[in-house]
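Counting starts at 1 for both ligands and their atoms, following the listed order. The figures here come from the full heavy-atom set of this structure, side chains too, leaving out hydrogens, waters and symmetry mates.
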Amino acid sequence: MDQLSTDFLGFDREHLWHPYSSMTSPGAPYLVESASGTRLRLQVDGRTTDVVDSMSSWWCAIHGYAVPALDAAARDQLASMSHVMFGGLTHGPAIELGRRLVDLAPGGLDKVFLADTGSVAVEVAMKMAWQASPGRTRMFTVRGGYHGDTFSPMSVCDPDGGMHTMYRGLVPEHVFADRPPAMGEPLDGWLASTTALFEQHADEIAAVIVEPLLQGAGGMHVYSPLAVQHLAHLAREHGALVIFDEIATGLWRTGTLWAADACDVVPDILCIGKALTGGYLTLAAVLTTGNVAARVDASEAGAMMHGPTFMANPLACSVASASLDLLATYDNHAQITAIAAALADGLAPARELSSVRDVRTLGAVGVVELHEAVDVPAVTRAAIDAGVWVRPFRNLVYTMPPYVASPDDLAAITSSIVGAVKQVHG
Ligand code: PMP
């Protein structure tokens, strides 16, 4: 079928669900012809248009697209095996990746479970905590989080954003403290109320689970490392585990290798995903300590009870190792600091717009928060016309650019975001 024919997109409209979309009243997605470097090649009004990707394909494609080292890793791996089961078998790509992850992880996290998506990694982390904590059935978290779309992760997502009322009876009910105050806001009230809430439920809590420093899809909310430390302290004081979901924050996105480093906390369980394969293939990982692993084994089941078909997929593991090797060749601190400065400078003019409530940045994350819900199709189109791909949500227009974005790319991203917001929302 000709990609330019109306039938081609017509089939998409009639038959393919897109994320969080309606089948009966679908949106109008842009067709991507190819992607290379920091650019997506789109079809817009029947014409081919190159745009800078400000989203890194939902925060994964940190090296950009068609990356020679990652292409080569995939091709080399295809030549030996693309997949074998992980039950009863093992392979070099898993061992190589495991070695790298253990080297990179915060101290003592040296047991690795290779899952296939971020949501599954969070499922696995929660199951680990439950199996390791007999008699404790609840999680403690904060409002405003996002941990994935399957039921266990959804149960610790923000209750409103995660639609807990709609799924009442289906979603397990966990304990939610208030969202931690934004970075720079006073913490005292939150510290006191969170302590009181934890103490009320202390005997039931298997683990605290949070996205340290930055709540991503729950609202791009940046909060203090002191709040993270407090949650970890409460957990440890009361015999609960600490799970950090670093699927979005990890691998330098927030300015350090792990957000855990900036918080000076080592979790008991760490979830990694998204950028792990540089956006090439779906893969995630859960790391924990020998102590937690032993507690899991001491549970009734006697082992970790999870084992997906595509666990440790060799193709994904090989590309992940190549991606981590490439990341190790960058001066990440300097690079993310430079991106942070460019985003802060470039987005600052948005503060003058009447539609804008707040502008904030953290590492390679830049956020413009509006007073009202974003007109997503209109802002997206205005940004495309200015040469940039953005995908806003709720009242947020944000960017998480590839780490290889040039100063010109970053200038295009920030000016198009400011321009699109101004044009559409004033
Ligand atoms: N945790 C966090 C913090 C995330 O941002 C996401 C994805 N946005 C997930 C979990 C779920 O990952 P996936 O979409 O790969 O299932």
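Looking only at side-chain heavy atoms (C-beta outward), Q131 and D297 stay at 4.5 Å or farther from each other. Two residues are said to be in side-chain contact when any heavy atoms from C-beta on lie closer than 4.5 Å; Y398 and V368 fail this criterion.
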Item to check | Worked verdict on F176 versus F140 for ring-ring contact (aromatic ring centres under 6.0 Å, His included) | outcome: CA-CA 6 Å; F176 287 86; F140 190 92; 8.8 Å; no

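Ring-centre distance between F310 and H83: below the 6.0 Å cut-off.
Contacts of H147 with ligand 1, taken as heavy-atom pairs under 4.0 Å, involve the backbone alone. Both the backbone and the side chain of S119 come within 4.0 Å of ligand 1, judged by heavy-atom distances.
Near W59, with a cut-off below 4.0 Å to any heavy atom, the atoms of ligand 1 are 5 (O). Below 4.0 Å from some heavy atom of A248 lie the following atoms of ligand 1, by number and element: 5 (O). Within the listing of ligand 1, atoms 1 (N), 2 (C), 3 (C), 10 (C) sit less than 4.0 angstrom from a heavy atom of D245. Heavy-atom contacts of G148 reach the following atoms of ligand 1: 10 (C), 11 (C) (cutoff under 4.0 Å).
R351 pairs by the salt bridge (Lys or Arg N to Asp or Glu O under 4.0 Å) definition with nothing, not counting sequence neighbours.
Looking at G118 next to ligand 1, an N or O pair under 3.5 Å apart turns up.
Closest protein heavy atom to atom 6 (C) of ligand 1: Y146 CE2, 3.5 Å.
With T288 contributing its side chain and V292 its backbone, the two residues share no donor-acceptor pair below 3.5 Å.
Using a 4.0 Å heavy-atom cutoff, W58 is absent from the residues neighbouring ligand 1. Within the structure, the closest approach of K274 to ligand 1 falls below 4.0 Å when heavy atoms are considered.
The heavy-atom pair separating K111 from G290 by the smallest distance is CE-CA, 3.6 Å.
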